[in-house]
Number of protein chains: 2
Amino acid sequence: MATIKVLAKCCGVSVATVSNILNNKPGASAKTRKLVLEMAEQLNYTPNIVAKNLKMQKTRSIGVIAEDMTIFSIPDIIDGITDYCQKQEYQILLTNLRLFKKYNDTYYNKDDYYELVRQEIKKLMEKQVEGIIYVAAHERVIRCIPDNLPIPAVMAYGYSKSRKIPSVVVDDVGGAAGIVKYLLDQGHKKVGVITGKTDSLHAQARLIGYQQVLYQNKILYDPGLVAEGDWTRESGYRCAGELLEKGVSAIFAMNDLMAGGVYDRVEELKQTIGEEISVAGYDDRELSGYYHPPLTTVSLPLHDIGYKASEWMIELLNGGELENAGENVCAVDCMLLIRKSVKDIT
Amino acid sequence: MATIKVLAKCCGVSVATVSNILNNKPGASAKTRKLVLEMAEQLNYTPNIVAKNLKMQKTRSIGVIAEDMTIFSIPDIIDGITDYCQKQEYQILLTNLRLFKKYNDTYYNKDDYYELVRQEIKKLMEKQVEGIIYVAAHERVIRCIPDNLPIPAVMAYGYSKSRKIPSVVVDDVGGAAGIVKYLLDQGHKKVGVITGKTDSLHAQARLIGYQQVLYQNKILYDPGLVAEGDWTRESGYRCAGELLEKGVSAIFAMNDLMAGGVYDRVEELKQTIGEEISVAGYDDRELSGYYHPPLTTVSLPLHDIGYKASEWMIELLNGGELENAGENVCAVDCMLLIRKSVKDIT
DNA sequence: ATTAATTTATATTTCTTGACATTTATTTGT
DNA sequence: ACAAATAAATGTCAAGAAATATAAATTAAT
């Protein structure tokens with residue numbers, strides 16, 4: 001491949017002149033300018049960015065560490081990251097930890113996992129990335145990023161343990177509040193909830209959203225209408241049984257899988273979703289659009305999380321201060337996705 | 001961040017000595033060795049790989065161009081790529097074209113698309129990637145990569161138009177043959193097919209697989225049992241109607257979505273999948289595992305495609321010749337995924 | 001001739017590595 | 001025991017590509 005040296009020689013001018021022309025600097029006649037530009041085209045010249053980076057002490061590259069590419073949330077977040085970063089002419093260096101494959105779904109208990117992340121961060125820093133975005137597979141507190149990194153780090157879809165590392169997360173409280181409010185607006189007075197595992201942040205926040213809306217609508221919170229699931233379809237089926245006995249007209253399942261379990265139970269009872277019983281889910285997994293009837297649910301702002309995390313990252317790289325510098329947490333709005341599983345009974 | 005120069009100064013030795021020690025070369029006493037290593041630890045020294053790359057004329061990085069991260073096939077392919085490349089200590093530079101968002105599902109007609117890809121290839125080459133892997137969202141002939149690139153390129157999940165660019169694709173003929181053979185083995189004699197759009201390579205190859213197995217089992221091919229769908233659930237529903245009238249006992253739908261349409265039709269007729277009617281799909285989309293009953297289907301070897309494409313890439317980078325150099329196409333085996341939608345009627 | 005506008009040559013910068021040169025320490029031969 | 005030979009340890013410098021500053025040289029215009 002042609003270097004600037006070769007190009008200069010072919011044009012019969014000096015390296016400095018070529019450099020000036022290529023970088024749109026003054027100090028070159030129109031004639032030489034044209035000659036050099038044409039020759040560059042002809043030789044298919046591309047500047048060696050690696051050499052430029054070394055000199056300029058800027059690589060315009062960002063390391064992205066993804067916990068596992070094959071988990072459904074991650075690709076959309078990365079899509080958001082590439083969306084913004086590519087607009088800003090930053091290059092993504094991708095590291096896929098493949099955690100779920102390596103540690104068989106129990107990665108957050110393993111010490112190896114901490115060590116692995118630290119190694120990968122070091123590798124990326126050796127490659128002179130200007131910052132690191134960590135993309136979690138699901139929302140939780142992530143403790144593996146050292147908070148004394150000499151370059152900025154941003155957490156996408158997880159909470160960092162340190163103030164120094166800003167986090168971009170889902171506004172689960174708002175999302176749950178939104179869909180429960182929708183259920184109430186459709187005339188449902190007795191709304192059951194199927195929670196996820198109650199030790200998860202998702203489940204806790206979504207429950208708060210539920211309680212919040214009840215309170216705002218002056219409906220007394222009844223713990224008897226809260227059934228504890230574990231995110232699986234089977235648990236949805238089981239909890240639906242409990243709740244239906246209590247005479248609820250609508251069920252809010254904290255994810256689409258458990259909502260599917262509600263469908264199973266209702267079907268078994270020869271009743272119809274969207275008629276006798278209304279159901280709402282959460283997450284907008286692909287399959288929920290194919291339920292019968294299609295599930296009304298909340299779509300996670302995955303793309304926006306990636307986009308926002310990148311905005312923050314580049315803001316930090318430009319030496320800017322983050323908007324809400326005190327908290328350093330940004331909760332991104334969810335979108336209510338109205339389909340056919342909720343009946344208007346007003 | 002500390003450079004080797006700083007580290008050398010702190011230790012009171014020369015840069016070369018530090019370099020030797022850090023690279024485990026002879027020519028340093030145990031005493032200096034210990035001193036330097038400790039000081040490196042203390043200063044949190046990391047070598048500047050960018051400078052090393054410039055000197056060594058090797059970047060150990062590979063550009064990956066993905067058509068659209070949010071299409072279901074792509075993340076698994078990239079997972080396969082990272083699996084192999086990270087083992088081999090190659091860094092992935094990711095470029096997400098976001099084609100489906102930019103050109104609204106019609107990208108392959110647009111001239112802009114060619115120009116975009118060329119630009120992105122150029123950008124990656126400026127960053128001195130040693131090779132480029134192009135990841136297509138679905139299998140077809142990809143014409144946008146120039147075949148006079150000065151660095152190797154490999155096509156994942158698509159056919160290149162040039163012999164110089166090897167392609168790794170799905171063995172659709174084998175996959176279809178496998179699942180149709182399974183249907184025959186279960187005693188089904190009259191197996192209907194719902195094709196995808198017939199101008200797609202997927203649909204054509206899967207039909208060949210179907211015909212091949214019939215021939216091997218000395219069953220006459222009846223074009224009347226082939227219904228033309230368009231990959232959508234609705235078309236599956238429509239075609240199922242046609243085929244059921246002709247008295248088939250099993251239907252092979254060329255994707256899981258259309259298989260879902262068959263479920264819809266059978267349900268409407270108050271019959272049961274896996275009892276009166278057997279159904280097989282293709283692709284193993286996430287939702288197919290949640291059908292009632294779970295769908296027997298063919299899982300695409302997406303991870304393996306990415307893995308194989310990387311193997312070939314690194315083989316090329318090491319100056320090796322590809323196994324089947326004549327063809328330069330590798331068709332990766334699919335896996336038959338037996339669930340509950342096919343009844344044994346032998 | 002003088003000034004202004006181009007252009008060039010040269011040196012420096014970034015950091016790491018490797019070939020080569022030099023210094024210091026140790027062993028061998030007489 | 002002392003010079004010579006060898007080995008080990010360490011230092012010096014250039015290369016690698018591009019950018020840039022500076023000073024010097026050339027050309028063109030006034």
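The structure presented is a predicted model; accordingly, all values stated were derived computationally and were not measured.
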How far does the helix from dA1(C)-dT30(D) to dT30(C)-dA1(D) bend, going by the axes of its first and last five pairs, to the nearest 10°? 50°
Are any non-hydrogen side-chain atoms of [X] and [Y] less than 4.5 angstrom apart?
X: R143(A); Y: Y114(A); result: yes
X: Y90(A); Y: E130(A); result: yes
X: K102(B); Y: L116(B); result: yes
X: Y307(B); Y: V332(B); result: no

[X] has an atom [atom1]; how far is it from atom [atom2] of [N], in whole Å?
X: K5(A); N: dT8(C); atom1: NZ; atom2: P; value: 16 Å
X: L22(A); N: dA17(D); atom1: CG; atom2: C1'; value: 13 Å
X: K127(B); N: dA17(D); atom1: NZ; atom2: P; value: 20 Å
X: R33(B); N: dA8(D); atom1: CZ; atom2: P; value: 13 Å
X: N48(B); N: dT14(C); atom1: CG; atom2: P; value: 12 Å
X: K9(B); N: dT10(D); atom1: NZ; atom2: P; value: 19 Å
X: N20(A); N: dT8(C); atom1: CG; atom2: P; value: 10 Å
X: N23(B); N: dC15(C); atom1: CG; atom2: P; value: 17 Å

Over all strands shown, is [X] touching base, sugar-phosphate only, or nothing at heavy-atom distances under 4.0 angstrom?
X: L54(B); value: base
X: V50(A); value: nothing
X: K25(A); value: sugar-phosphate

Toward the 5' end of DNA chain C, which comes first, K55(B) or A16(A), by nearest nucleotide? A16(A)
N or O in side chain of [X] less than 4.0 angstrom from [N] OP1/OP2:
X: S19(B); N: dT17(C); value: yes
X: S29(A); N: dA5(C); value: no
X: Y45(A); N: dA17(D); value: no
X: T17(A); N: dT8(C); value: yes

So which one's nearest nucleotide on DNA chain D is more toward 5', Q57(B) or G12(B)? G12(B)
So, N96(B) side chain and M69(B) main chain: donor-acceptor pair closer than 3.5 Å or not? yes
Salt-bridge criterion met for K101(B) and D68(B) (N-O under 4.0 Å): yes
Between R140(A) and E67(A), does any side-chain N to carboxylate O distance fall below 4.0 Å? yes
Evaluate side chain to side chain contact (heavy atoms under 4.5 Å, CB included) for N48(B) paired with T3(B), printing each intermediate quantity in order. CA-CA 7 Å; N48(B) 184 328; T3(B) 68; over 6 Å; no
Can you tell which of dA17(D), dT10(D), dT8(C) lies closest to the side chain of A51(A)? dA17(D)
M56(B) side chain, from C-beta outward: closest of dA19(D), dT17(C), dG11(D): dT17(C)
